[in-house]
Amino acid sequence: MPELPEVETVRRSLDPFVVGRSVNRVILDTPSVWCGAGPDAIAGLTVTRSARRGKYLLFFLAPTHAAGTAYWLVVHLRMTGRLTLQDAPEPARKHTHVRIELDGETMPPIWLIFQDTRRFGRFSLYPAQSADQLPAALPRLGPEPLEPSFGAELLARQLSGHSRLNLKAALLNQAIVAGIGNIYADEILFASRLSPQRLAGSLDDAETARLADAVRSVLLRAVDLCGTTLKDYVDGWNRKGSFQHCLMVYGRSGQPCRRCSLAVQKKKLAGRSTHWCPACQPGLPD
DNA sequence: ACCTACCTGTTT
DNA sequence: AAACAGGTAGGT
């Protein structure tokens, strides 16, 4: 489900409703989804901030007493995870794994519910220094593509150690750029007019600039449209995204390219299904 | 730089 | 029955 635009949309939808509330209790229906410090550690702590790094969603949990320990709660939704809010207590359903009751001082309690059909998603809890310093335990992640500092120069630097990697694999590599997954990698390459088979080391300056621009523009537009709902993805209030109506190549194999009408191709690359237009994205012969 | 495993559900 | 699905960790 969730690439950067979807995770950012979930974060924005949850933030105003969870920040300022404290954890009443945590019900861990599926213990295997929880890593690091145990869920009991956050009882009584207050959510003071949400953040996102790549596809990771983070909540800072501050103690009410100065002597207490603060934590980062780090959530990764992987393929089919959903993090939603419910006004009423929600009984555990088939794929419910975590339920957190949050209390506001004057507001009635609200429930943060984690559901995940495939059970790939994870909650990780780490003792924290400060809300300004993200947990060091996150895997090595490349730059945030929506930060102002991201551009052709930074992308070229990130790609420089991977000249023999094809562009599809490069965009999927979270250590090169954080947050891009299978849908947006294909859409970014289409917008760049670059073949997914091109090698990272083969780009000239103009091509690198086009790629960097497309990374930003595609992800920004997808955030504006609240992400892509193919099947499972919804935001914190069960609302679907609408970027699925804007897809140019992903999921369109055999259909005419929306720019030139030639049939969109599909093949497995970097272990993932990859969609591209052979006319708009000329590259190596197959 | 690749492969498989992790899971369940849906599509071919 | 087999392939496939928004992702990543861990193996070779």
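Residue numbers start from 1 in every chain, and the chains themselves are labelled A, B, ... in the order their sequence lines are given, proteins ahead of strands.
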Could you work out the separation of [N] and [M] based on their [atom1] atoms and round it to a whole Å?
N	M	atom1	value
dA1(B)	dG6(C)	P	22 Å
dT10(B)	dT8(C)	P	23 Å
dA3(C)	dT4(B)	P	12 Å
dC7(B)	dA1(C)	P	22 Å

Atom [atom1] of [X] to atom [atom2] of [N]: distance rounded to whole Å?
X	N	atom1	atom2	answer
Ile176(A)	dG7(C)	CD1	P	15 Å
Arg78(A)	dG10(C)	CZ	C1'	11 Å
Lys94(A)	dC7(B)	NZ	C1'	12 Å
Lys168(A)	dC2(B)	NZ	P	14 Å
Asn173(A)	dA9(C)	CG	C1'	13 Å
Leu199(A)	dA1(B)	CG	C1'	12 Å
His97(A)	dC6(B)	NE2	C1'	13 Å
Gln115(A)	dG6(C)	CD	C1'	17 Å

Report task. Fit a plane to each ring of Phe243(A) and Tyr184(A), take the angle between them on a 0 to 90° scale, and name the class: parallel (under 30°), tilted (30 to 60°) or perpendicular (over 60°). Result -> tilted
[X] side chain near [N] phosphate (N/O to OP1/OP2, under 4.0 Å):
X	N	value
His76(A)	dT8(C)	yes
Lys231(A)	dG6(C)	no
His95(A)	dG9(B)	yes
Gln174(A)	dG7(C)	no

Query - Close aromatic pair by centroid cut-off 6.0 Å: Trp276(A) and Phe190(A) - result: no
Query raised in the report: Can the ring centres of Tyr126(A) and Trp72(A) be said to be less than 6.0 Å apart?
Result: no
Query raised in the report: What is the base-pairing partner of dA1(B), counting Watson-Crick and G-U wobble geometry with both distances under 3.5 Å?
Result: dT12(C)
Query raised in the report: Taking a pair as Watson-Crick or G-U wobble with both distances under 3.5 Å, which nucleotide is matched to dG6(C)?
Result: none
Requested in this report: Could you check which of dG7(C), dG9(B), dA9(C) has an atom nearest any side-chain atom of Pro139(A)?
Outcome: dA9(C)
Report summary line: Testing dT8(C), dG6(C), dG9(B) for proximity to the side chain of Asp232(A), the answer is dG6(C)
**Report entry** Arg21(A): which of Thr48(A), Leu112(A), Val47(A), Ile110(A) passes side-chain contact (heavy atoms from CB on, under 4.5 Å)
**Finding:** Ile110(A)
Query raised in the report: Looking at Ile188(A), Leu159(A), Leu165(A), which hits side-chain contact (heavy atoms from CB on, under 4.5 Å) with Leu171(A)?
Result: Ile188(A)
Requested in this report: Let me know, please, whether Ala169(A) or Thr117(A) comes out on the 5' side of the other along DNA chain B by nearest nucleotide.
Outcome: Ala169(A)
Query raised in the report: Given that Ser32(A) and Leu165(A) both sit by DNA chain B, which one's nearest nucleotide is further toward the 5' end?
Result: Leu165(A)
Requested in this report: Report, as yes or no, whether the 6.0 Å neighbourhood of atom CD on Gln255(A) holds more than 12 heavy atoms from other residues, nucleotides or ligands.
Outcome: yes
Query raised in the report: Do Phe120(A) and the base of dC7(B) stack face to face, with centres under 5.5 Å apart and an angle between planes under 30°?
Result: no
Report task. Using the aromatic ring of Tyr233(A) (for Trp, its six-membered ring), decide whether it stacks on the base of dG6(C) within the limits of 5.5 Å and 30°. Result -> no
Sub-3.5 Å pairs of nitrogen or oxygen atoms, protein against nucleotides 2-5 of chain C:
unit_1, atom_1, unit_2, atom_2, d
dA5(C), OP1, Ser273(A), OG, 2.8
dA5(C), N3, Arg118(A), NH1, 3.2

Query raised in the report: Are Leu172(A) and Val218(A) in one and the same hydrophobic cluster, where Ile, Leu, Val, Met, Phe, Trp and Tyr link if side-chain heavy atoms are under 4.5 Å apart?
Result: no
Requested in this report: Please confirm whether the backbone N or O of Arg198(A) pairs with a side-chain atom of Ser202(A), one donor and one acceptor, at under 3.5 Å?
Outcome: no
Query raised in the report: Charged N to carboxylate O below 4.0 Å: is that the case for Glu144(A) and Arg53(A)?
Result: yes
